[in-house]
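Basis for what follows: all heavy atoms, side chains included, without hydrogens, waters or symmetry-related copies. Note that the coordinates shown come from a computational prediction; the quantities given were computed from them, not determined experimentally. We name chains A, B, ... by the order of the sequence lines, and we start the count at 1 in each one.
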Number of protein chains: 2
Amino acid sequence: MLPYEHFGYIGAMTDSPNDVTPDRLRKADALPPSDQHAQQYAAVRNAHETELLEDYVELIADLLEHQGEARSTDIAARMGVSQATVSKTVTRLKSLGLVSSKPYRSLFLTEKGEAMAAMSHQRHAIVLQFLRALGVNDRTARIDAEGMEHHVSQETLEIMQRYTREQGGRDA
Amino acid sequence: MLPYEHFGYIGAMTDSPNDVTPDRLRKADALPPSDQHAQQYAAVRNAHETELLEDYVELIADLLEHQGEARSTDIAARMGVSQATVSKTVTRLKSLGLVSSKPYRSLFLTEKGEAMAAMSHQRHAIVLQFLRALGVNDRTARIDAEGMEHHVSQETLEIMQRYTREQGGRDA
DNA sequence: GCTACAAGTTAACCTTGGCTAAAATACTGT
DNA sequence: ACAGTATTTTAGCCAAGGTTAACTTGTAGC
């Protein structure tokens, strides 16, 4: 079954009397020019390519920090994936120069990997904190942040950070 | 080259003196229990499965509305992808009962497809308007919305909608 | 009504990210 | 030290989403 089939959204929101969309937003309904549109999709496809890599590297960094080592069993458990899959992906991470390890041994990050992990971690944290500052429930915020983090631009991140700061200050 | 390599983010944000994260957020640093963590990733993988399908139906609906017909050339151009790819994906959409068409003819949405498109379109609009209400530049907002929309939960969507409403009212 | 070009399809290939099952290596306890 | 268990890797499978190149179908113009 496809997700939307049990996602009772339409009835709840269509033709809502609360639609106060200002006119300046109505233009959202027009199609952008083809080439710009294509670039939008390209950006998403592009993000997808690095998503998984970032997730791995981020997780490895977390494991190294919190448990002292990053074993593929743990990664498999945390990612909810088989160890074989982890092994294959790690091979790819190595070939990209993000991870290093000797066969059958625990994993480490290269400098490049650490840079990526740090960036990823920050982005993740900013998005998560932003969602919580907005008032999203912790559990939901974590799930949304995991999915959203790879698609949030630098510009938006900065705005989120500013918002969180102001909001955090307000109820502190 | 990987995207993060030209994304000068770390220097700008690490150890910022503006880190006023309240203590209640510090726990974000701890790893969640393995099984919960796994569910987060599973949710993301799940979203990925329907993402492309949603993008297609949404685009087809837009084309039907704005140009009267949805031809695969246009889809290919707007998605920035070859026609062969569109053809293959459309075959999949048909087998899922989302799209209908006779060979070599223009595409239509089934009821199921329309339902999905409507939901997708609303979600997209909410996220896009939210980002703009936050103060994100239009162009950036479009790109971010395209990527984020599939990862935003019902709960967060409602909060975004509320925020947009309040914010929209404020400067109207 | 035929010819030429545009649009759609099919075939053959690639990479990624899953899986299971089996083999190789490392670790642990007696 | 070595037997048994746990971990990691490898092999072989699959589907999705891309590609190019070749083929089919549709449509316009003369």
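Applying the 4.0 Å criterion to OP1 and OP2 of D:dA16, one finds that B:R92 has a side-chain N or O inside that range. Considering only side-chain N and O atoms, B:S82 lies under 4.0 angstrom from the phosphate OP1 or OP2 of D:dT19.
Within 4.0 Å (heavy atoms only), A:V81 reaches sugar-phosphate atoms of the nucleic acid but no base atom.
Qualifying side-chain hydrogen bond (donor to acceptor under 3.5 Å, both in side chains) partners for B:D55, counting only residues two or more places apart in sequence or in other chains: B:H150. For A:P103, the side chain to side chain contact (heavy atoms under 4.5 Å, CB included) test picks out no residue, with sequence neighbours left out. Judged as a side chain to side chain contact (heavy atoms under 4.5 Å, CB included), and not counting sequence neighbours, B:K88 has no contacts. In this structure A:H151 satisfies the side-chain hydrogen bond (donor to acceptor under 3.5 Å, both in side chains) test together with A:E51, sequence neighbours excluded. Partners of B:T156 by side chain to side chain contact (heavy atoms under 4.5 Å, CB included), not counting sequence neighbours, listed by chain and number: A:L131, A:V136, A:T140, A:D144, B:V152, B:S153, B:M160. The side chain to side chain contact (heavy atoms under 4.5 Å, CB included) search around A:S82 returns A:A84, A:T85, not counting sequence neighbours.
Where DNA chain C meets chain B (any atom under 4.0 Å from a heavy atom), the bounding nucleotides read 5' to 3' are C:dA7 to C:dG18.
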When every nucleotide of nucleotides 2-12 of chain D is labelled 5' to 3' by its protein contacts under 4.0 Å (heavy atoms), B for base, S for sugar-phosphate only, - for none, what sequence of letters results? -----SBBB--
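Residue B:Y56 contributes atom OH, which lies 9 Å from atom P of D:dG17 at whole-angstrom precision.
The side-chain heavy atoms of B:E58 and B:R123, taken from C-beta on, include no pair separated by under 4.5 Å.
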List the atom pairs, donor and acceptor, that lie under 3.5 Å between side-chain atoms in residues 104-111 of chain B and the rest of the protein, sequence neighbours left out.
residue	atom	partner	partner atom	Å
B:S106	OG	B:A70	N	3.3
B:S106	OG	B:A70	O	3.0
B:T110	OG1	B:G97	O	2.7
B:T110	OG1	B:L98	O	3.1
B:T110	OG1	B:K112	N	3.4
B:T110	OG1	B:G113	N	3.0

